[in-house]
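Only this structure's heavy atoms are used, side chains among them; waters, hydrogens and symmetry mates stay out. Within every chain, numbering begins at 1; the chains are lettered A, B, ... in the order of the sequence lines, protein sequences first and strands thereafter.
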Number of protein chains: 2
Amino acid sequence: MLRPSLLRLTRTIRNQRADMSITLGQLSALGSLEKSGPISAGELASCERVQPPSMTKVIASLEQRGLVRREAHPTDKRQVIIALTDSGRTLLDSERRSRDAWLLQRFSSLTAAERMLLLELVPVLDKLAEL
Amino acid sequence: MLRPSLLRLTRTIRNQRADMSITLGQLSALGSLEKSGPISAGELASCERVQPPSMTKVIASLEQRGLVRREAHPTDKRQVIIALTDSGRTLLDSERRSRDAWLLQRFSSLTAAERMLLLELVPVLDKLAEL
DNA sequence: TATTGTTATACTCTATAACTATA
DNA sequence: TATAGTTATAGAGTATAACAATA
C-alpha cells in the first residue's frame, strides 16, 4: 500500500525534524523557489499543491525570517513576486548539508540497489504529484 | 530532494481524497491492524509512528464507525486490544479496489520502467520509516 | 466582471502534560 | 513506582468563504 507507507514515512521525518528551526512545508517552498526562480504567490501555491491562503501563511513566516522577499510584478500590480534572499539560499544550503545526516544514516539500512531505486524515484514521485 | 517530493505527493493524495468517508490516517491504521492482527493501542500507535494520544482519537473514530472493536487483554487489564471488525475488513477491501482507480489512471503518465520502479518502492519506504 | 492575493474562520492532525487505572 | 491509555489543551497545517485591489 503506497499511500499509508508515504504517510508513515512523512510522520517519521516530521518527528525527526521536530526540533528544527524551519518546518518541512517552509523548506519545501524554499526549494521550489530556488528551482523556479522568483514566481508569483499563486504559482508557488500551485507548485506546492496547496491553496493560496495556505501559501500566504507560509510566505509570511518565511518573509518574517528574511528568507524570502516580496517584489512587485513589472506590469500587474495584483501579483506579488516571491524571491529567495541570500539568507534563504544560505539556509537552504545548510539544510541540504545537514538534511541527510539523518537520511544517509538511515540509508545505511538499505541495500545498494534500494538506494539507487530511491534516487531514481524522486522524479517519478514528482510526476505522480502533478495534476 | 526526497522529503519535499514526499510532502507534495502526500498533499496531492490528500486533496484527491478530500471527499472520501475515511481519512488517510484512519485508513493507514486499519491497514496496519489487518497486517498485524489484534494488537494493543500502544503498539498500533508505534506502528503508525504517532504518539498514544493521537492514536486514541483515531481508534475512537474507527470504533464509532464500527470498523474496529476494543477487546480486553487476557492478563493485563491496563491494555486495550484493538481488532478489525468485519465491517472494517469490508471497508478496507472496497478502499483497495477504488484506491487505484486514481493511482492507476495516474500511472498512465509514467513509463513502463517507472511503473516497475514504483512497485518496488513501498518496502523501501517502510524500511526508511522504521525507528 | 474576472483574477490575485489576503483576511477570517474552522477543522484535522499532531504533540506534550496531567490524570486514572492497573501492574 | 512504573506502565497503558485517556483527557485536556495547544500549535501546525490545511481548507473554504468573503473581501480588497487591480485588470
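- For A/Ser40, a side-chain nitrogen or oxygen approaches OP1 or OP2 of C/dG5 to under 4.0 Å.
- Rounded to whole Å, the distance from NZ on A/Lys77 to P on C/dT6 is 17 Å.
- Comparing C/dT16, C/dT6, C/dT14 against the side chain of B/Val50 picks out C/dT14 as the nearest.
- Electrostatic pairing of A/Glu95 and A/Arg17 counts as a salt bridge here, judged by a charged N lying under 4.0 Å from a carboxylate O.
- Counting non-hydrogen atoms under 4.0 angstrom, B/Ser61 reaches nothing in the nucleic acid.
- The distance between atom NE2 of A/His73 and atom P of C/dT3, rounded to the nearest whole Å, is 16 Å.
- The CD-P distance, from B/Gln79 to D/dT3, rounds to 13 Å in whole Å.
- The shortest heavy-atom contact between B/Arg115 and B/Leu110 is NH2-O, 2.8 Å.
- Nucleotide D/dA12 holds its P atom 17 Å from the CD atom of B/Gln51, rounded to whole Å.
- Using a 4.0 Å heavy-atom cutoff across all strands shown, A/Thr10 reaches no nucleic acid atom at all.
- The residue B/Gly25 sits apart from the nucleic acid: no heavy atom pair falls under 4.0 Å.
- Between A/Thr56 and C/dT6 there is a side-chain polar atom (N or O) within less than 4.0 angstrom of OP1 or OP2.
- Computed from coordinates, the B/Met55 CE to D/dT7 C1' distance equals 17 Å when rounded to whole Å.
- A/Arg14 comes within 4.0 angstrom of nothing in the nucleic acid, heavy atoms only.
- Per the geometry, CG belonging to A/Leu24 stands 12 Å off C1' belonging to D/dA12, to the nearest Å.
- One atom, CD of B/Glu71, and another, P of D/dG5, lie 14 Å apart when rounded to the nearest Å.
- Residue B/Thr23 has its side chain nearest to C/dT12 when only D/dT6, C/dT12, D/dG13 are considered.
- Applying the 4.0 Å criterion to OP1 and OP2 of D/dG13, one finds that A/Ser54 has every side-chain N and O outside that range.
- Residues B/Leu33 and B/Ile39 come closest through the heavy atom pair CD2-CG1, 4.0 Å.
- A salt bridge does not link B/Glu130 to A/Arg8: none of the charged nitrogens lies less than 4.0 Å from a carboxylate oxygen.
- With hydrogens and angles left out, the side-chain atoms of B/Glu43 and B/Ser40 include a donor and acceptor closer than 3.5 Å.
- Whole-Å rounding puts the A/Leu27 CG to D/dG13 P distance at 12 Å.
- Across the interface with DNA chain C, nearest-nucleotide mapping of B/Gln26 and B/Arg78 shows B/Gln26 to be the residue nearer the 5′ end.
- Taking only distance into account, the side chain of B/Lys57 never meets the base of C/dT12 through a donor-acceptor pair shorter than 3.5 Å.
- Nucleotides of DNA chain D nearest to A/Pro53 and A/Asp76 differ in position, and the one nearer the 5' end is that of A/Pro53.
- Salt-bridge check for B/Arg69 with B/Glu71: passed, with a basic side-chain N closer than 4.0 Å to an acidic carboxylate O.
- Close to C/dA15, at under 4.0 Å from its OP1 or OP2, lies no side-chain N or O of B/Arg49.
- Between A/Arg70 and A/Leu7, it is A/Arg70 whose nearest contact on DNA chain C lies nearer the 5' terminus.
- Of the listed nucleotides (D/dA15, D/dG5, D/dG13), D/dG5 has the atom at the smallest distance from the side chain of B/Ala41.
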